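Here is the structure we will look at, set down as structure tokens.
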Amino acid sequence: MNDALHAYYTAEKSALPATAATGALAAVFGGLLLRRRQRFSTGLGLPFLLIGAATSIGSLAYLSQIDERHASYATLLNESPALYLQTEGTHLDTMQRDFQRIIWIDGSVAAAALGLAVYGTVNNKRYAKGLGIGTLVSAAALTALEMHNRDRASEYLNALHTYAAHTSLQVGGNLTSLSLDFQTAF
């Protein structure tokens, strides 16, 4: 179980700088588009700026917490495997529900943005067209990212569910100490 725990949090930590950098680049690109002061580029740049900045800030905030969370769960696993399974299992179950909700919202935003882009194209509304395309691209990218994150968390959750309960008997060399350890899985 230690391997699954460490693999999950190491993957989370290694992906966050790239996500933060991508968000920052999107925000800079959006800012450059806004400086052009044309209706289409303003519409296109606004979602890149706002969504990119929010993605970057959110990634950095999570990155600042990941080591502490990883250490906390590693300690809990070593000290009380049953409590670790219960606590981390509840955390991951909640995350799976959150991922489903976020993916649905991102997909809905992408669909609405597609409608806005089509409206802008058909009616020659350059700002609406740009806003629709920028929001569509941003929401589609976030949807793909959340689906990837959901799958990684799901693999870890599956490892948690298959972690076998075991009983161990440890006998000291001179048989002066005897301990029996029961661990359960949820």
Side-chain angles (χ1 to χ4, degrees), residues 4-73 88 91-159:
L5 168 77
H6 295 299
Y8 175 74
Y9 284 103
T10 299
E12 286 280 284
K13 185 175 181 178
S14 68
L16 288 168
T19 303
T22 302
L25 286 173
V28 168
F29 179 62
L32 291 173
L33 287 170
L34 288 172
R35 288 185 54 138
R36 294 188 65 188
R37 299 190 189 274
Q38 297 172 353
R39 297 196 56 71
F40 177 78
S41 62
T42 299
L44 184 63
L46 189 60
F48 285 136
L49 175 66
L50 297 176
I51 295 172
T55 300
S56 186
I57 291 167
S59 296
L60 292 173
Y62 184 42
L63 182 61
S64 73
Q65 301 169 5
I66 197 76
D67 286 335
E68 183 179 330
R69 183 174 294 181
H70 182 180
S72 172
Y73 282 120
E88 184 71 312
H91 169 236
L92 290 170
D93 284 335
T94 300
M95 281 178 48
Q96 289 299 311
R97 287 190 301 277
D98 290 346
F99 279 131
Q100 292 298 57
R101 187 179 65 251
I102 291 167
I103 290 167
W104 185 88
I105 291 168
D106 288 348
S108 297
V109 168
L114 176 61
L116 183 60
V118 169
Y119 165 80
T121 301
V122 169
N123 293 300
N124 200 25
K125 305 282 186 182
R126 298 183 55 72
Y127 179 79
K129 178 181 176 182
L131 186 62
I133 291 171
T135 304
L136 173 62
V137 169
S138 298
L142 288 175
T143 301
L145 179 65
E146 293 300 342
M147 291 173 78
H148 173 73
N149 292 340
R150 177 199 60 198
D151 292 346
R152 181 173 51 233
S154 182
E155 289 175 20
Y156 179 40
L157 181 59
N158 288 338

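The shown structure was predicted, so the numbers you read here are calculated from the model rather than taken from an experiment.
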Problem set entry | 4.5 Å side-chain heavy-atom contact, Thr22 and Thr55 | no
Exercise. More than 12 foreign heavy atoms under 6.0 Å from CE of Met95: is that the case here?
Worked result: yes
For this session: Looking only at non-hydrogen atoms, find the nearest pair between Ala128 and Gly120 and report the distance.
Result: CB-CA, 4.1 Å
Exercise. From Leu92 CG over to Asp98 CG, what is the distance, rounded to the nearest 0.5 angstrom?
Worked result: 11.0 Å
Problem set entry | Minimum-distance pair of heavy atoms, taken over all atoms of Ala110 and Leu136 | O-CD1, 3.3 Å
Exercise. Is Asn149 close to Glu146 at the side-chain level, that is, under 4.5 Å between some pair of heavy atoms?
Worked result: yes
Exercise. For the residue pair Ser56 and Gly23, what are the closest heavy atoms and their distance?
Worked result: CB-C, 4.0 Å
Problem set entry | Atom pair NE2 (His91) and CG (Leu157), whose distance is rounded to the nearest 0.5 Å | 11.0 Å
For this session: Give me the ring orientation class for Phe29 and Phe48: parallel if the planes are under 30° apart, tilted from 30 to 60°, perpendicular past 60°.
Result: tilted
Exercise. Do we see a donor-acceptor contact under 3.5 Å between the side chains of Thr94 and Arg97?
Worked result: yes
For this session: With the side chain counted from C-beta on, respond yes when Phe99 and Gln96 share a heavy-atom pair under 4.5 Å apart, and no when they do not.
Result: yes
For this session: Starting at CG of Leu114, measure out to CD1 of Ile133 and round the result to the nearest 0.5 Å.
Result: 9.5 Å
Problem set entry | Side chain Thr10, main chain Ala7, donor-acceptor under 3.5 Å | no
Seminar exercise, completed: Rounded to the nearest 0.5 Å, the OG atom of Ser14 sits from the CG atom of Leu63 at a distance of 10.5 Å
Problem set entry | Selection residues 117-132 - residue pairs positive for side-chain hydrogen bond (donor to acceptor under 3.5 Å, both in side chains), sequence neighbours left out | none
Exercise. Where is the tightest heavy-atom contact between Gly132 and Leu116, given as atom of each residue plus distance?
Worked result: N-CD2, 3.8 Å
For this session: Check whether more than 12 heavy atoms from other residues, nucleotides or ligands sit under 6.0 Å from atom CD of Gln65, and answer yes or no.
Result: yes
For this session: Taking all heavy atoms of Ala159 and all of Ala4, pick out the closest pair and write down the distance.
Result: CB-CB, 3.8 Å
For this session: Look at the aromatic rings of Tyr8 and Tyr156 and report parallel, tilted or perpendicular, splitting at 30° and 60°.
Result: parallel
Seminar exercise, completed: Closest non-hydrogen atoms of Ala53 and Ala27, given as atom of the first, atom of the second and distance, are N-CB, 3.7 Å
Problem set entry | From Arg37 atom CZ to Thr42 atom OG1, the distance as rounded to the nearest 0.5 Å | 8.0 Å
Problem set entry | Arg150 atom CZ: more than 12 heavy-atom contacts under 6.0 Å | yes
Problem set entry | Atom pair CH2/OG1 of Trp104 and Thr143 - distance to nearest 0.5 Å | 12.0 Å
